[in-house]
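Only a predicted model underlies this, so the values are computations on that prediction, with no experimental measurement involved.
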Amino acid sequence: MSIREMGAVLRRRWYVIVPAMLLSLLAALHLYRSVPVAYQSQSSVALLDSSAAAKLPPAFGNPISNAGGALVVTADVLIRAMSGADAARELHSLGVTDPYTVGFAANTSGPLLTMTVTGTDREKVLKETNILTGFAGEQLNALQAAAKVQPAYMVQTAPVVLPQTPVPQLKSRYQQVLGVLILGVSVGFTLSFVADALSAARRRRRESSAEGSAGPGRAGRRRSRGRHVDATALLTGYLALAFFIPSNLTLPGLGGVGTPANVFALLALFWYLATWLAGRIRPAPGTRLPRVAMWLLAVSVLASYIANAGRGSVRKELLGADRGLIALLVWVSLVVLVTAGIQDRARLDVLLRRAVVMGTIVAAIGFYDFFTATNIADSISIPGLSSSVPQITTLDRGAFTRPRSTTAQPLEFGGMLALLLPFAVQQAFDPVRRHLRAWRRWGPVALMGGALPLTVSRTSIIGALIVILVMVPRWKPQRRWTAIGVLVGAVACFKVIIPGLIGTITGLFASFLSNSDSSTQARTVKYSAIVPYLDERPLFGRGMGTFIPELYFFTDNQYMLTLAETGFLGLIALLFLFLAGIHQGGAIRRLAVGESDRELGQAFFASALVALVVSATFDALSFPMFAGMFFLTIAAGGSYLGFIRRAAPKPRFVEYPCLPADQQLPTPPPAPAR
């Protein structure tokens, strides 16, 4: 359905869209006038070492010079104590009834705490902030007294920023008003197309065969005047926004899910709903598996959202849960657009080729970042967008700068390239593309595969090894030995051109195997730290998007994060999604007739297996570019499987004794001996 046709539907059903917009406008006006303005006040305190400990070097009696080290742990203990239910009840008895938060001060590495109170009464908020600031010192003294610490060795609190004059928070008010307007317009938009679809169905039932033959002609003429837009074109726009706009640049207030690509995907979902309600498109047969997997994931996320609403969550957790729902809608949009929106296999081939080409450009930017020791994305500034990750800088490991190109982190950069590398290899061997020059076929493979070691991370190397171990053994001996020779030559070239890179990478794995790597030890410690949160809510979790590092800690493991946020139900749904992708790749390979399709199935198998394994090395779905490519490839595998199944020869049955002319009867099995 073109943009002109969608506008024609809205004009015909003006009696639906106009009242919905007026009602939403009135509701937004009422909300603006009835909801009071929220005021926010902040204060900051620092933890200072005891006077007895400060007499030792390097403090020499100055407690401020020793504000670090173990005091960060003490500050973390104090934050957890003040965020607990017992402290909340005690503060409530002292008069702090408005929502408050306690956490580490932004952009600091020392024991500096920031306390925030939000309420509708300006004077009360200021009073509550003073109470909360004094309560921090009392709580710290109580914790130390319970541990029988001598008074001379007690850690003290010192106010750094006194309670500030409450500031009106108009941004949250405007966000609520805008949310009501968006909801009203969305409901009116959907109901307009529902009404148009119902009216068209009644009209088709009343029309005679002659009138029905005249109607499609007029409709066809109307469609010819509009510009043809299909799911592939919309998904191409999504890919361009995802690859070429740095993923840390988002719309203000939406966090990491507010990237322009995600917003575009949500708008594309409205296009699909309008086209589906108008009867212009129907999901293709045999493409149900990815949608079923997404349905299971959506149920787990909604259950965790309801579970989060039933507990005493702070404001940041509530906002994180809302962002989790937005991320879910984006993922659903990608799966639905690919599996149900693309009806032609040629258009699906075009989409995968475009994804590989754009991924190649991102890999080339990574080469530039590595050799220039900079990040080109840092110089990109787009009006209206802000960075969701504060103070992103280039990361180093050893003597090398780890590139991230347009992604938010080198791990996301390597994981995304590992997902797309199997398709680059398959397209290079595709007989349909052999008329192209060698650099056009093998350039993406060289750039993507060569950029993976540059990230100097175990995640990238593991992803590359999985692709090699899955795809190379399936090749014919001549191609297999050629590929092994090329790989050995590539390792030798890296050793000569970039001295020390191969040694640094092997050192990473050696330290991992010997359990002497600090990053690995820090991750394994966090695994046990997840257990208390899992014991509290084992089935549904705390809510997707609520396990915020500012309040808790980084998990660096998607499975651990899923357990904490969505419980065992969410983990089962995520594993089912991974296994569905692996099954689709294997099924395509089994049912394919040509060698090209079999290699395509193996590429889907390798990509899904990469996602399954590397998700244990970092919180993969928290990064928008990796998550988008993962769901797009899973959905593309389901769509290809549907095309392969529909093209496969059908066995002959009693009801269908004759086969089509272009299909041959399969050879029957030999009869058993009597």
J.: Phe626 versus Val614: any side-chain heavy-atom pair under 4.5 Å?
T.: yes

J.: Determine, step by step, whether Tyr305 and Asp322 satisfy the side chain to side chain contact (heavy atoms under 4.5 Å, CB included) criterion, reporting the C-alpha distance in whole Å, the side-chain angles of both residues, the deciding distance to 0.1 Å, and the verdict.
T.: CA-CA 8 Å; Tyr305 186 85; Asp322 294 338; 2.8 Å; yes

J.: Under a 3.5 Å distance rule, please check whether Gln164 uses its side chain to pair with a backbone N or O of Gln42 as donor and acceptor.
T.: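 Between the backbone of Gln42 and the side chain of Gln164 there is no qualifying donor-acceptor contact (under 3.5 Å).
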
J.: Do the two ring centres, one from Phe413 and one from Phe623, sit under 6.0 Å apart?
T.: no

J.: To the nearest 0.5 Å, what is the distance between CG on Leu561 and OG1 on Thr566?
T.: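 Reported value, rounded in 0.5 Å steps: 8.0 Å.
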
J.: Can you find a heavy atom in the side chain of Leu621 that is under 4.5 Å from one in the side chain of Trp331?
T.: yes

J.: Has Asp369 got a side-chain atom pairing as donor or acceptor with Ile376's backbone, closer than 3.5 angstrom?
T.: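 Judged by distance alone, yes, a pair lies under 3.5 Å.
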
J.: Please report the interatomic distance CZ(Arg89) to CG(Leu91), rounded to the nearest 0.5 Å.
T.: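 Between atom CZ of Arg89 and atom CG of Leu91 there are 11.5 Å.
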
J.: May I ask you to decide if Thr97's main-chain N or O and Glu128's side chain share a donor-acceptor pair within less than 3.5 Å?
T.: yes

J.: Can you see which heavy atom on Ala307 is nearest to which on Arg537, and at what distance?
T.: O-NH1, 3.7 Å

J.: Take Met82 and Leu140 through the side chain to side chain contact (heavy atoms under 4.5 Å, CB included) test and state the conclusion after the steps.
T.: CA-CA 9 Å; Met82 295 185 65; Leu140 181 60; over 6 Å; no

J.: Taking atom CG of Asp619 and atom CG of Asn557, what is their separation to the nearest 0.5 Å?
T.: 8.5 Å

J.: Is any side-chain heavy atom of Leu126 closer than 4.5 Å to a side-chain heavy atom of Tyr39?
T.: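 A side-chain contact is absent here, since even the closest heavy-atom pair is not under 4.5 Å.
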
J.: Counting C-beta onward and ignoring hydrogens, is there a side-chain heavy-atom pair between Pro19 and Leu22 closer than 4.5 Å?
T.: no

J.: Ignoring hydrogens, what is the shortest heavy-atom contact between Ser304 and Glu565? Give both atom names and the distance.
T.: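 Nearest heavy atoms, Ser304 then Glu565: CB-O, 3.5 Å.
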
J.: Drop me the distance from Leu575's CG to Leu297's CG, to the nearest 0.5 angstrom.
T.: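 The CG atom of Leu297 is 11.0 Å from CG of Leu575, to the nearest 0.5 Å.
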
J.: Identify the two heavy atoms, one from Leu162 and one from Pro159, that lie closest to each other, and give their separation to 0.1 Å.
T.: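 Heavy atoms only, the tightest pair is CD2-CB, 4.0 Å.
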
J.: Determine whether a donor-acceptor pair (N or O, by modelled atom type, separation under 3.5 Å) exists between the side chain of Asp556 and the backbone of Phe618.
T.: no

J.: Under the side chain to side chain contact (heavy atoms under 4.5 Å, CB included) rule, what do Leu325 and Leu302 come out as? Steps first, then yes or no, please.
T.: CA-CA 8 Å; Leu325 288 184; Leu302 292 176; 3.7 Å; yes

J.: Please report the shortest heavy-atom distance between Gly628 and Tyr238, naming the atom on each side.
T.: CA-OH, 3.2 Å

J.: Looking at Ser247 and Ala408, would you say the former's side chain and the latter's main chain have a donor-acceptor pair under 3.5 Å?
T.: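 Yes; at least one donor-acceptor contact below 3.5 Å.
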
J.: Are the side chain of Asn141 and the backbone N or O of Gly137 linked by a donor-acceptor pair below 3.5 Å?
T.: yes

J.: Using atom types as modelled and distance alone, determine if a side-chain donor or acceptor of Ser405 lies under 3.5 Å from a backbone N or O of Thr407.
T.: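 Judged by distance alone, no pair lies under 3.5 Å.
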
J.: Considering non-hydrogen atoms only, spot the tightest contact between Met115 and Ala136 and give its length.
T.: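 That would be SD-CB, 4.0 Å.
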
J.: Looking only at side-chain N and O atoms, does Thr118 offer a donor or acceptor that is under 3.5 Å from a partner on Gln40?
T.: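 Thr118 and Gln40 do have a side-chain donor-acceptor pair below 3.5 Å.
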
J.: Just do the side chain to side chain contact (heavy atoms under 4.5 Å, CB included) check on Phe244 and Thr406 with the steps written out, would you?
T.: CA-CA 7 Å; Phe244 302 136; Thr406 56; 5.7 Å; no

J.: Can you find a pair of side-chain heavy atoms, one from Ile634 and one from Met294, that are under 4.5 Å apart?
T.: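 Result no, sub-4.5 Å side-chain heavy-atom pair not found.
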
J.: State whether the side chain of Ser333 and the backbone N or O of Leu329 hold a donor-acceptor pair below 3.5 Å, judged by distance alone.
T.: no

J.: Just distance, no hydrogens or angles: give the donor-acceptor pairs under 3.5 Å from side chains in residues 256-269, sequence neighbours left out.
T.:
unit_1, atom_1, unit_2, atom_2, d
Thr259, OG1, Asn262, N, 3.2
Thr259, OG1, Asn262, ND2, 3.3
Asn262, ND2, Val257, O, 3.0

J.: For residues Met625 and Phe243, determine if any side-chain heavy atom of one lies less than 4.5 Å from a side-chain heavy atom of the other.
T.: yes

J.: With a cut-off of 6.0 Å (strictly less than), are more than 12 heavy atoms of other residues, nucleotides or ligands near NZ of Lys124?
T.: yes

J.: Taking side chain as C-beta onward, heavy atoms only, is Tyr100 less than 4.5 Å from Thr129?
T.: no

J.: Measuring from Leu563:CG to Leu574:CG, what's the distance to the nearest 0.5 Å?
T.: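 Answer rounded to 0.5 Å: 9.5 Å.
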
J.: Taking all non-hydrogen atoms of both residues into account, name the closest pair between Pro163 and Asn130 and its distance.
T.: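 What the structure gives for the nearest pair is CG-OD1, 3.3 Å.
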
J.: Just how far is it from atom CZ of Arg404 to atom CG of Asn248, taken to the nearest 0.5 Å?
T.: 5.5 Å

J.: Is there a side-chain contact between Leu235 and Leu334 in this structure, where contact means two heavy atoms from C-beta onward sitting under 4.5 Å apart?
T.: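 Of all side-chain heavy-atom pairs linking Leu334 with Leu235, at least one is under 4.5 Å.
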
